Amino acid sequence: PSDGAAPRYKPPATETNPALEDPTPDYMNLLGMVFSMCGLMLKLKWCAWIAVYCSFISFANSRSSEDTKQMMSSFMLSISAVVMSYLQNPQPMSPPW
Amino acid sequence: MKNLYIFIAVLFIPWSFSLAKYDEFEDGDDIMEYDDNDFAEFEDVNEDAVTESPQRIITTEDDEEEATVELEGQDENQEDFDDADAQEGDTESEPYDDEEFEGYEEKPDASPSKNKDPITIVNVPAHLQNSWESYYMEILMVTGLLAYIMNYIIGKNKNNRLAHAWFNTHRELLESNFALVGDDGTNKEATSTGKLNQENEHIYNLWCSGRVCCEGMLIQLKFLKRQDLLNVLARMMRPASDQVQIKVTMNDEDMDTYVFAVGTRKALVRLQKEMQDLSEFCSDKPKSGAKYGLPDSLAILSEMGEVTEGMMDTKMIHFLTHYADKIESVQFSDQFSGPKLMQEEGQLTKLPETKKTLLFTFNVPGSGNTSPKDMESLLPLMSMVIYSIDKAKKFRLNREGKQKADKNRARVEENFLKLTHVQRQEAAQSRREEKKRAEKERIMNEEDPEKQRRLEEAALRREQKKLEKKQMKMKQIKVKAM
């Protein structure tokens, strides 16, 4: 029984159920911004590097409906945090051990 | 497009590094020249001042060979200083003074007793060396980022290949059963796109419709997040599988009223807690299906025994036993409304909308290490889905069953109303109070005393009427009770 009825509607654009959505990209985005601010203000290189990682992770986990502009802005912010830390203090990072 | 952005941004990093290095050199030179001119003035004034300040001017980018030369030069300078014969010595050795190290501060202490102790050449601190080796942490970071990007590309491609392999295997079966295969909701007309709709790097959707009995079928290929390195590492600790989730929405007239689920015990326990309909209608714990010949791994949750009897026919049992390892959960429900919603305190809620749904969750074999070939083994499961659609249409409860089902549904609705009754009363009460307050304010704000009086009287009359009505009602109830 393949074509009994006329074709029906389009997909209910897959439910935007806030409880079901994966919060990872949003958390990572926020974390990335926080770390890059820390890196810029407190001139901590490792903060800036973690911010870069956070923004990459947020990008990898993002939904297609996410704004690319926000991704790019968080990404650019973290890159600029790294660059600024090195401009202010070109010494290499020292490991914590 | 996204990849392009990443590569451009990654190129930024080494470029900015090289910029940083050169800037420092230029700044250093400027400082030196400026200070040279300054000290020319102070030559006569204070020997101490002159000799100490060159020490403080530090440039940081010198090689080790230059370092040893400077040390000797500086020693000579110190001797001259000790002999109080400073000025010429200073001017001659100023070029050397200006290229001292930071660590040089130790020298003045050592040099007076130079003849007694050997020269201790201090190692140049790592951050002053002009070599790439000292930046090993940074190189590590960049390598990590590159590894992440590589994994992203590889993971994304793998998921893509798996999705298309699945679709190619299932395409024929779907096209023979559904008139509309693949739709992304953008076209005005209902035409088959014949393609998967990519929602994410790890989620692919497919909407099929145009079949008798069902409104439509939404298939979601929920792959593992292979594109995220963190996820890949987490999965090494805790293996997980790709999942195929199929949701069939039935027409209202094509399915009777029952709630039924079968699946792995763990999945059923979780669903019973999470899903609105299963928690309300299936109060017992998941029962073993051994009675029907199902393997131990599977359990059954059902609204009433009759439903289980009806559902477990030979063909269904055959499907369930043969593909038990791939089945996570199967749920037939006429009261399906998704997972329980978190309700805030004091918020009025209506009963959530329900739809007659068949929900299937299958695990892709391979437990993460799937290859496109594994997708073929899921084809029989799709046949099971099609069979279930027809079965759900055919299966009807008998009279007793229907009565029980109706009673259950009425019970659930009553419970819900009772729960919200208090909230609704409170809401109505607060609305009435608001009205009264607004009225009083209006009366107060009226400037004209005449109008005020009139409004007050009107309000009083209304109150009296209400009281009378209430008294009437009470009388009526009393009469009825008698």
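Owing to the predicted nature of the structure, the values given are computational and were not obtained by experimental measurement. Basis for what follows: all heavy atoms, side chains included, without hydrogens, waters or symmetry-related copies. Below, read A as the first sequence line, B as the second, and so on, with proteins coming before strands; counting in each chain starts at 1.
In this structure the side chain of E138(B) reaches within 4.5 angstrom of the side chain of M93(A), judged on heavy atoms. Residues D22(A) and K225(B) have side chains in contact (heavy-atom distance under 4.5 Å, counting atoms from C-beta outward). Looking at heavy atoms from C-beta onward, M141(B) lies out of side-chain contact with V52(A) at the 4.5 angstrom threshold. Taking the side chain as every heavy atom from C-beta outward, Y152(B) and F56(A) never approach each other to under 4.5 Å.
Atom CE of M28(A) and atom CG of L230(B) lie 6.5 Å apart (nearest 0.5 Å). Annotation: the span from N61(A) atom CG to Q227(B) atom CD amounts to 6.5 Å, rounded to 0.5 Å. Interatomic distance, R63(A) CZ to H202(B) NE2, rounded to the nearest 0.5 Å: 9.5 Å.
The number of heavy-atom neighbours closer than 6.0 Å to CD of E253(B), taken from other residues, nucleotides and ligands shown, is above 12. Within 6.0 Å of the OH atom in Y27(A), the count of heavy atoms belonging to other residues, nucleotides or ligands does not exceed 12.
For the residue pair W49(A) and V142(B), the shortest heavy atom distance occurs at CH2-CG2, 3.7 Å. Minimum interatomic distance between S62(A) and N200(B) (heavy atoms only, all atoms of both residues): O-OD1, 2.6 Å. Between S134(B) and P92(A), the shortest heavy-atom contact is O-CB, 3.2 Å.
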